[in-house]
Structure formats: C-alpha cells, structure tokens
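The first residue in the sequence is number 1, and the count goes up from there. Note that the coordinates shown come from a computational prediction; the quantities given were computed from them, not determined experimentally.
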Amino acid sequence: MASKQDKAINLMVFTNLSQREIAKKLDVREETVSRWKKQESFQSKKEELQREFLKDLVAPAMRGLKDLIDADSEFVKLEAIKTILDRAGYDSVDNELKNLEKEKQETQIKKTKTEIEIMKGISEEIEDLDDIDGMIYGKD
C-alpha cells in the first residue's frame, strides 16, 4: 500500500485539490502536508511524477498546436505558429518583425540624411546664385 506521502504527491499532481483538502482526504493535519512539502525527498518525488505526467501531455499538446494553425481566427493561427517556431528553436516571429522594422528605420534615416545633404547643396547653390545676381545687377 502506498504511503500517505505518496498519495499526497499523487493528489497534488493529478488533481486540483488544495493542501487542506488533501490533508482531509488523507486524514492528516494540514501542517503535516505542509511539512512533507518542505522535505527534499518529497519534492524530488513530486517533481519526478510531474515530469512523467507532462511527458505524456507533450505529444497531444503539439498535435493541438498543429491543429490551431488551421483555426478560423488569424490571431490564434499566428500565436500557434509563433509558439511552434519558438519551440523549434527558430528566432521568434516577433524578433524577426522587430529586426525588419529596425532595418526599415535605418534605411529611412539614411534616406533623410541624404535628402538633407542634397538640400544643403541646393542651398549653397542658391547662395552662389544670389552672389552672382548681386554682382550682375549690383545688389548686395
């Protein structure tokens, strides 16, 4: 027969029972469950059981994500795609979009700087024309 600690671990991993409800179900005091939770061996057993439980959920979760790619909602599709790409080790779509936006901004800055240089050149030519105009027509 499993010990009360083992039963407590199972109840913690596989149910949504509170610590108080677990204590009542096992016929122990809530403080006893609290004390168990602080023990390293209890924590290790619980973590091991949680890993096993989650391992069984990975495949169905991935299939669920794959199914969401075909969802009607564009938002749901995008989030599913981003999640899959992130999990597969690709840079996130958000990072790619940020990089594209940054490149776009850098290009715009270069364009603006070039336009400023062109305007400076035009301004200097206008000043030179004013000087020539002044020499021709005797204006200062």
Side-chain angles (χ1 to χ4, degrees):
M1 183 168 114
S3 73
K4 287 187 177 187
Q5 284 190 11
D6 290 336
K7 289 179 183 177
I9 290 170
N10 279 310
L11 290 170
M12 287 177 188
V13 172
F14 296 113
T15 71
N16 290 323
L17 296 177
S18 68
Q19 183 172 306
R20 177 172 298 175
E21 292 168 324
I22 291 170
K24 187 175 182 178
K25 198 167 192 73
L26 298 176
D27 196 29
V28 296
R29 295 178 55 220
E30 188 176 350
E31 293 80 11
T32 302
V33 176
S34 179
R35 196 174 58 252
W36 290 343
K37 287 171 64 176
K38 294 175 186 173
Q39 295 172 356
E40 194 173 313
S41 62
F42 186 92
Q43 292 171 7
S44 295
K45 286 180 183 179
K46 182 180 172 210
E47 288 170 8
E48 184 179 331
L49 188 60
Q50 286 172 326
R51 276 192 298 276
E52 287 299 316
F53 179 65
L54 289 174
K55 190 173 20 171
D56 292 339
L57 296 177
V58 171
M62 293 306 290
R63 283 192 299 272
L65 271 175
K66 182 180 174 285
D67 292 343
L68 289 176
I69 292 173
D70 297 326
D72 291 335
S73 164
E74 293 298 319
F75 177 78
V76 171
K77 285 181 187 181
L78 177 62
E79 289 302 310
I81 290 167
K82 285 171 34 177
T83 300
I84 290 168
L85 290 174
D86 284 345
R87 299 289 182 251
Y90 293 97
D91 278 340
S92 75
V93 173
D94 285 337
N95 285 344
E96 291 300 321
L97 291 174
K98 287 177 188 173
N99 289 339
L100 288 173
E101 184 62 30
K102 184 178 176 184
E103 287 176 21
K104 181 180 173 185
Q105 288 174 349
E106 289 171 353
T107 301
Q108 184 62 42
I109 289 169
K110 286 179 186 175
K111 180 181 174 191
T112 302
K113 286 181 178 179
T114 302
E115 289 171 348
I116 289 171
E117 290 302 316
I118 291 170
M119 295 305 287
K120 283 181 181 177
I122 292 171
S123 175
E124 289 171 4
E125 288 179 18
I126 290 173
E127 287 177 8
D128 289 345
L129 288 175
D130 283 346
D131 290 344
I132 292 170
D133 196 38
M135 284 190 263
I136 294 174
Y137 299 107
K139 298 179 183 173
D140 289 331

Once you round to the nearest 0.5 Å, how far does [atom1] of [X] lie from [atom2] of [Y]?
X: Q5; Y: T32; atom1: CD; atom2: OG1; value: 10.0 Å
X: Q39; Y: S34; atom1: CD; atom2: OG; value: 10.5 Å
X: S44; Y: I9; atom1: OG; atom2: CD1; value: 9.0 Å

### Task
May I have all residue pairs that pass salt bridge (charged side-chain N to carboxylate O under 4.0 Å, His left out) and include part of residues 27-36, sequence neighbours excluded?
R20-E30, R29-E31
### Task
State whether the number of non-hydrogen atoms from other residues, nucleotides or ligands found under 6.0 Å of E101 atom CD is greater than 12.
yes
### Query
Within a reach of under 6.0 Å around NZ of K77, are more than 12 heavy atoms found that belong to other residues, nucleotides or ligands?
yes
Counting only pairs under 3.5 Å, give me each side-chain donor-acceptor contact of residues 52-74, with atom names and distances, residues two or more places apart or in other chains.
residue	atom	partner	partner atom	Å
E52	OE2	K55	NZ	3.4
S73	OG	F75	N	3.3
S73	OG	V76	N	3.2

### Query
Can you list the residues that meet the side chain to side chain contact (heavy atoms under 4.5 Å, CB included) rule with K37, with sequence neighbours excluded?
M12, Q19, V33, F42
### Query
Among all residues two or more places apart in sequence or in another chain, which pass the salt bridge (Lys or Arg N to Asp or Glu O under 4.0 Å) test with E48?
none
### Task
For a side-chain contact (heavy atoms from CB on, under 4.5 Å) with E117, tell me which candidate from K120, K113, M119 qualifies.
K120
### Task
Show your working on side chain to side chain contact (heavy atoms under 4.5 Å, CB included) between I22 and W36 and close with a plain yes or no.
CA-CA 12 Å; I22 291 170; W36 290 343; over 6 Å; no
Using distance only, find each side-chain donor-acceptor pair of residues 102-112 under 3.5 Å and give its atom names and separation, not counting sequence neighbours.
residue	atom	partner	partner atom	Å
T107	OG1	E103	O	2.9
T112	OG1	Q108	O	2.9

### Query
side-chain hydrogen bond (donor to acceptor under 3.5 Å, both in side chains) with E47: which residues, sequence neighbours excluded?
none
## Note on the structure
Tightest non-hydrogen contact, residues E21 and N16, listed as OE1-O, 4.3 Å
### Task
Show your working on side chain to side chain contact (heavy atoms under 4.5 Å, CB included) between F14 and L49 and close with a plain yes or no.
CA-CA 9 Å; F14 296 113; L49 188 60; 3.6 Å; yes
